Amino acid sequence: MTNAAITGWGKCLPPAVLSNRDLATLMDTSDDWIVSRTGIRERRISHVTLGDLAYVASARALAAAGLQGSEIDLIVFGTCSHEDQVPNMASGVQLRIGAATAAAMDINTACTSFLYGLSCATALIRTGVVRNALVIGAELISPFMDWTDRDVAVLFGDGAAAVVLTATTREEGLLAEQLGCYADARETLRVHGMGGRYANRGILYGSVRWQFEGQEIFKRAVHGMGAASESALGKLGLKAEDVNLAVPHQANLRIIEAVAKRTRVPLDRVYINIQRYGNMSAATVPVALCEALEEGRVKPGALLLMPGFGGGLSYCAHVVRWGERTSPRGETKVDLPPNERSALQIVRDVMEAKKVLTNQEPS
Ligand code: UT7
C-alpha cells in the first residue's frame, strides 16, 4: 500500500510581536485576563501578505525535504483569509516555487484547513494521482480583525507553515483520520465582511464584524476533538497510551487541557505553543509540528495525534506515524523582507485604513 510520508516541514512567523499589554492600550482588557482565560501571552502581526508568509514557509519545507519546487505535483493551501477568491492562493505559491507542472487548490474549513488539506493530499498520493505534495496552513487574520472587539481581538495571530508529503511504501504519514462538522452550530462563528457574499450588499471588503459565541464554540471544540481523536485512534486499534505526542489546534489553553483530559493523553505528551502565537487558525497545527521537531519532541517512528476544530464548526483528528528522519535535509536563504513597524503600529495602520473604508460605506 502507498502512504504519504511527511518528508519536509517549514514555518514562517512574521517578526512583529503584539503583547497582551499592547492590546490593553487599544481596548479594555488586561494581560491577567487574557493569560488566565486563554493562555496567550503574545501573537505575531504580519507586515507582509499571506502569499509572502506561505511562500517562505513552503521554501523552507522544500529545503527540509531536499526537493526542488519543480518536483512538486500538488499544492494544497489551507486558509480562510485568502487575498482574493480568484485566483486561488495555491497557484501563487506554485508560481514562486517553480512547480510548473503541479496542480494547485485551496481548502477552507477555517482552523482545520491544514488538516483537511493533509487528508486530501494523502488520499491523492495513496491513489497514485500524485507523488509529491506540498500542504500549507497559513493565515493573515490581522487585516480581518475587528480591533475594537475585545471578545475576539485578543485571541488571534498571523503565521504560516507547510509540509512536504512524498509517496512511500512504508507505514508512515497520515494513517487514519476522522473528519466532521457541526453544521447546526455554524452561526456561532461568522465573520461578516470577509467574503464575496457582501459584494452586493454595499459592505466593503475589509469592513468586518465578528459574530462569535465563545462558550458554545469552546464546548463543541472539546467534544468534537475528543470524539474525533477516539474515533481516529480506534480505526487503527490504538489507544491514548500509544500516542507519543499530541499536536492539537491551539485556540485556548483551557480547550487543549480539556481535550487532553477527555482523550486521556497526559499533558506532558501534548505540544503547546499558544502562549507565543495565539490562534493562527489553519497555521497552528503545522507551526506546532515544526516547533515540536525543532525542540526534539518528535522522535523517529513517533505516533502523533493532531486534533483540530474551527469555523463551520468543522472538527477532526489525524493520526500520523513519523518516519526515521527528524532533522531537515537542507536550509534555504529565502526569507521575509525586513520589517520596520512595531506590531502595534501595524494594527493602528489597519484600524486607520478601516476607518477610511467605513466612512466610504453607503449609509
Ligand atoms: O478556532 C476557533 C476559534 N474560537 C475559539 O477559540 C473560541 C473558544 N472559546 C474560548 O476560547 C473562550 O470562550 C473565550 C476565551 C473566548 C472566552 O472565555 P470565557 O471564559 O468563556 O469568558 P466569557 O466569555 O464568559 O467572559 C467572561 C467575562 C465577561 O464579563 P462579565 O460578563 O463576566 O462581566 C466578558 O465580558 O470576561 C469579559 N471579557 C473580557 N475581559 C477582558 C471578554 N473578553 C475579554 C477581554 N478582556 N478580552
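Since the structure is predicted, the reported quantities are computational estimates derived from the model, not experimental observations. Both ligands and their constituent atoms are indexed starting at 1 by order of listing. We're numbering straight along the sequence, starting at 1.
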CA sep, side-chain torsions, deciding dist, call: S229, T263, side-chain hydrogen bond (donor to acceptor under 3.5 Å, both in side chains): CA-CA 7 Å; S229 296; T263 52; 5.5 Å; no
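- Proximity of atom 38 (C) of ligand 1 to the protein is indicated by at least one non-hydrogen atom lying closer than 4.0 angstrom.
- Listed by number with element, the atoms of ligand 1 under 4.0 Å from a non-hydrogen atom of I255 are 8 (C).
- The nearest pair of heavy atoms linking N3 to R170 is ND2-O, 2.9 Å.
- Cluster annotation: V247 is not connected to I40 through the hydrophobic network of ILVMFWY side chains, with a link wherever side-chain heavy atoms come within less than 4.5 Å.
- Of the protein's non-hydrogen atoms, the one nearest atom 8 (C) of ligand 1 is G214 O, 3.5 Å.
- Of the protein's heavy atoms, R150 NH2, 3.9 Å lies nearest to atom 35 (C) of ligand 1.
- Of the heavy atoms in M27, none comes closer than 4.0 Å to ligand 1.
- Side-chain contact annotation: T79 with E139, donor-acceptor N/O pair under 3.5 Å present.
- With hydrogens left out, the protein atom closest to atom 3 (C) of ligand 1 is N279 ND2, 3.6 Å, a heavy atom.
- Of all protein heavy atoms, the one lying nearest to atom 18 (O) of ligand 1 is R254 NH2, 3.3 Å.
- Of the protein's non-hydrogen atoms, the one nearest atom 11 (O) of ligand 1 is N252 ND2, 2.7 Å.
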Stepwise salt bridge (charged side-chain N to carboxylate O under 4.0 Å, His left out) test for E352 and R348: CA-CA 6 Å; E352 199 50 43; R348 286 192 195 282; over 6 Å; no
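- Per-atom contact check: atom 1 (O) of ligand 1 touches the protein, criterion being a heavy-atom distance below 4.0 Å.
- Judged purely by atom type and a 3.5 angstrom limit, R126 has no side-chain atom pairing as donor or acceptor with the backbone of A4.
- Near D151, the atoms of ligand 1 lying under 4.0 angstrom from a non-hydrogen atom of the residue are 43 (C), 44 (N).
- Looking only at protein heavy atoms, the nearest one to atom 25 (O) of ligand 1 is Q215 NE2, 2.5 Å.
- Close contacts of ligand 1 with T38, meaning ligand atoms under 4.0 Å from a residue heavy atom, involve 15 (C).
- Ionic pairing of K261 and E257 is not present here: no N-O contact between side-chain nitrogen and carboxylate oxygen is shorter than 4.0 angstrom.
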Steps toward side-chain hydrogen bond (donor to acceptor under 3.5 Å, both in side chains) verdict (H318, S119): CA-CA 8 Å; H318 290 56; S119 291; 2.9 Å; yes
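- Of all the heavy atoms in M145 and W210, the pair that sits closest is CE-CZ2, 3.5 Å.
- Of all protein heavy atoms, the one lying nearest to atom 22 (O) of ligand 1 is R37 NH1, 3.2 Å.
- In this structure, V164 is not a member of the same hydrophobic cluster as V135, with clusters built from ILVMFWY side-chain heavy atoms closer than 4.5 Å.
- Side-chain atoms of N132 do not come within 3.5 Å of backbone N or O of T166 as any donor-acceptor pair.
- Distance check for atom 31 (P) of ligand 1: every protein heavy atom is found at 4.0 Å or beyond.
- The protein atom (non-hydrogen) at minimum distance from atom 47 (N) of ligand 1 is T29 OG1, 2.6 Å.
- Interface of V154 with ligand 1, defined as ligand atoms under 4.0 Å from a residue heavy atom, comprises 48 (N).
- By the 4.0 Å heavy-atom criterion, I34 is excluded from the residues contacting ligand 1.
- A salt bridge links R96 and D52; the closest N-O separation between the charged side-chain nitrogens and carboxylate oxygens is under 4.0 Å.
- Within a 4.0 Å radius of atom 6 (O) of ligand 1, the protein contributes at least one heavy atom.
- Residue W33 holds the heavy atom nearest to atom 28 (C) of ligand 1 of all those in F218, F212, W33, F309.
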